[in-house]
Amino acid sequence: MSKEVEFASILLLGDTDKAIEYIQKEKKQDHLSIYNDVMTPAMRYIGVLWEQNKITVAEEHLATATCDFVLSKLMYKNKREENNTKRAMFFCIEGEQHYLGLKMVDSLFQEHGWETKYYGPNLPLDVALQDSLKWQAKVICLSVSLATNLPKLKEYTKAFEGLPQKPAILVGGRLTSMYDLNHFTSSQSIVLKDLNSVTDWLMDWSTRTEDSTYASN
């Protein structure tokens, strides 16, 4: 039995203790490896089972909730920096309910020392704009998984592009690996296709920030 099928079967049972125990036995304990090697493949497999009517909606929801619980336990270990000016907010655009991948991205930002706000699924644009302006977020990370929401994605990205603090606008979600989303985003948006590209972006940000600090001195 493959790793993704094995972990998926645990999630479908809703067994949080067994799921955590399974993760703890992984050789690679960094979050990126756990997300790439175990959680994401398992949830994709569960999605296929649901699309093929091999599991019920209730079972899919139970598996998602169980995976969410395990993910939250992993994120609890992340250390937060005090008086942090690196601020990032994460949410799914209005009409989007698939949030686990976005929560993993939030976790990776926290690991790199960012202060984050995670709003979850289905956040209206006006509310997101108000909070971003009030909190002065330097990064806005949006998630989209349904093709029917792509026109709305462009509305969101263009609106955030006009904020006075000029945040970096990152776009992720299931569709990024399936389509060219540049036609559905603003000119300043960056499409990140997977968790590895998120890590690359974070490392690049750190390098540019360090170079800028060094130059100013």
Side-chain angles (χ1 to χ4, degrees), residues 35 39-40 43 47 57 60-61 64-65 67-69 71-76 78 80-179 181-195 197-198 201-202 205:
Y35 300 157
M39 287 188 171
T40 300
M43 288 307 301
V57 173
E60 190 271 339
H61 282 203
T64 300
C67 189
D68 188 4
F69 179 84
L71 177 55
S72 295
K73 293 282 285 186
L74 289 173
M75 291 177 66
Y76 181 74
N78 286 337
R80 308 281 181 102
E81 294 183 10
E82 295 183 2
N83 302 319
N84 201 345
T85 59
K86 297 189 299 183
R87 296 176 174 176
M89 56 189 291
F90 304 82
F91 58 89
C92 302
I93 67 174
E94 194 168 13
E96 290 286 348
Q97 301 294 335
H98 296 86
Y99 62 88
L100 283 179
L102 183 69
K103 195 168 182 176
M104 293 176 189
V105 176
D106 179 6
S107 170
L108 295 176
F109 267 75
Q110 289 182 23
E111 282 191 309
H112 282 77
W114 287 72
E115 182 179 354
T116 69
K117 284 189 176 182
Y118 170 73
Y119 296 80
N122 194 34
L123 189 68
L125 177 57
D126 57 342
V127 176
L129 282 170
Q130 290 172 13
D131 273 32
S132 173
L133 188 59
K134 181 179 179 180
W135 196 48
Q136 290 294 294
K138 288 191 175 182
V139 171
I140 312 292
C141 192
L142 318 175
S143 178
V144 58
S145 298
L146 299 175
T148 53
N149 284 328
L150 287 176
K152 196 176 294 184
L153 175 64
K154 189 157 192 173
E155 179 186 357
Y156 273 67
T157 55
K158 286 186 69 68
F160 283 109
E161 190 177 293
L163 288 172
Q165 73 262 34
K166 301 299 179 184
I169 305 165
L170 309 182
V171 177
R174 184 173 63 92
L175 296 180
T176 59
S177 61
M178 302 168 62
Y179 306 105
L181 297 190
N182 290 318
H183 299 295
F184 299 97
T185 60
S186 65
S187 59
Q188 298 178 22
S189 302
I190 301 170
V191 177
L192 300 175
K193 294 188 176 183
D194 53 35
L195 294 176
S197 61
V198 172
W201 187 91
L202 285 165
W205 172 284

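Every value quoted in this text rests on a predicted model; they were computed, and no experiment measured them.
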Reported CG-to-OG distance for the pair L181 and S189, which is rounded to 0.5 angstrom:
10.0 Å
Please walk me through it: do H98 and R174 pass side chain to side chain contact (heavy atoms under 4.5 Å, CB included)?
CA-CA 9 Å; H98 296 86; R174 184 173 63 92; over 6 Å; no
Can you confirm whether more than 12 heavy atoms, excluding those of K158, are under 6.0 Å from its NZ atom?
no
P121 vs L102 side-chain heavy atoms within contact, under 4.5 Å:
no
Quick check: do T85 and Q136 have side-chain heavy atoms less than 4.5 Å from each other?
no
State, yes or no, whether a side-chain contact exists between E96 and S143 at a heavy-atom distance under 4.5 Å.
no
Would you say P167 and R87 make side-chain contact, with heavy atoms under 4.5 Å?
no
When every non-hydrogen atom of L175 is compared with those of L150, the smallest separation belongs to CD1-CD2, 3.8 Å
Side-chain (Y156) to main-chain (E94) donor-acceptor, under 3.5 angstrom:
yes
To the closest 0.5 Å, what do you measure between CG (L100) and SG (C67)?
5.0 Å
How close do V171 and V144 get, counting heavy atoms only, and between which atoms?
CG1-CG1, 4.4 Å
Over all atoms of both residues, closest heavy-atom pair of L133 and P164
CD1-CG, 3.6 Å
Geometric class of the W114/W201 ring pair [parallel <30°, tilted 30-60°, perpendicular >60°]:
tilted
Measure up the F160 and F91 rings against each other and bin them: parallel (under 30°), tilted (30 to 60°), perpendicular (over 60°).
tilted
Inter-residue atom distance S107.OG - H112.NE2, 0.5 Å rounding:
10.5 Å
Y179 ring center within less than 6.0 Å of F184 ring center:
no
So OG of S145 and CE of M178: to nearest 0.5 Å the spacing works out to 9.5 Å
When you compare the side chain of M104 with that of T40, does any pair of heavy atoms fall below 4.5 Å?
yes
N122 side chain reached by Y99 side chain, heavy atoms, under 4.5 Å:
no
Any side-chain to backbone donor/acceptor pair from Q165 onto W135? Under 3.5 Å, distance only.
no
Rounded to the nearest 0.5 Å, the CD atom of E161 sits from the NZ atom of K166 at a distance of 7.0 Å
Between CG of D106 and CD of E111, what distance do you get to the nearest 0.5 Å?
10.5 Å
Testing the basics here: between L129 and L163, what is the closest heavy-atom pair and its distance to 0.1 Å?
CD2-CD2, 4.1 Å
Search all heavy atoms of M39 against all heavy atoms of L71 and return the closest pair with its distance.
CE-N, 3.9 Å
Output yes when a side-chain donor or acceptor of T157 lies under 3.5 Å from a complementary backbone atom of S186, and no otherwise.
yes
Looking at every heavy atom in both I140 and A137, which two are closest together, and how far apart are they?
CD1-CB, 3.9 Å
Taking atom types as modelled, is there a side-chain donor on T64 or E60 under 3.5 Å from an acceptor on the other?
yes
Looking at Y35, Y118, F90, which hits side-chain contact (heavy atoms from CB on, under 4.5 Å) with V105?
F90
K152 (side chain) donor-acceptor with G95 (main chain) under 3.5 angstrom
no
May I have the step-by-step check of side chain to side chain donor-acceptor pair (under 3.5 Å) for D126 and Q130, ending in yes or no?
CA-CA 6 Å; D126 57 342; Q130 290 172 13; 5.0 Å; no
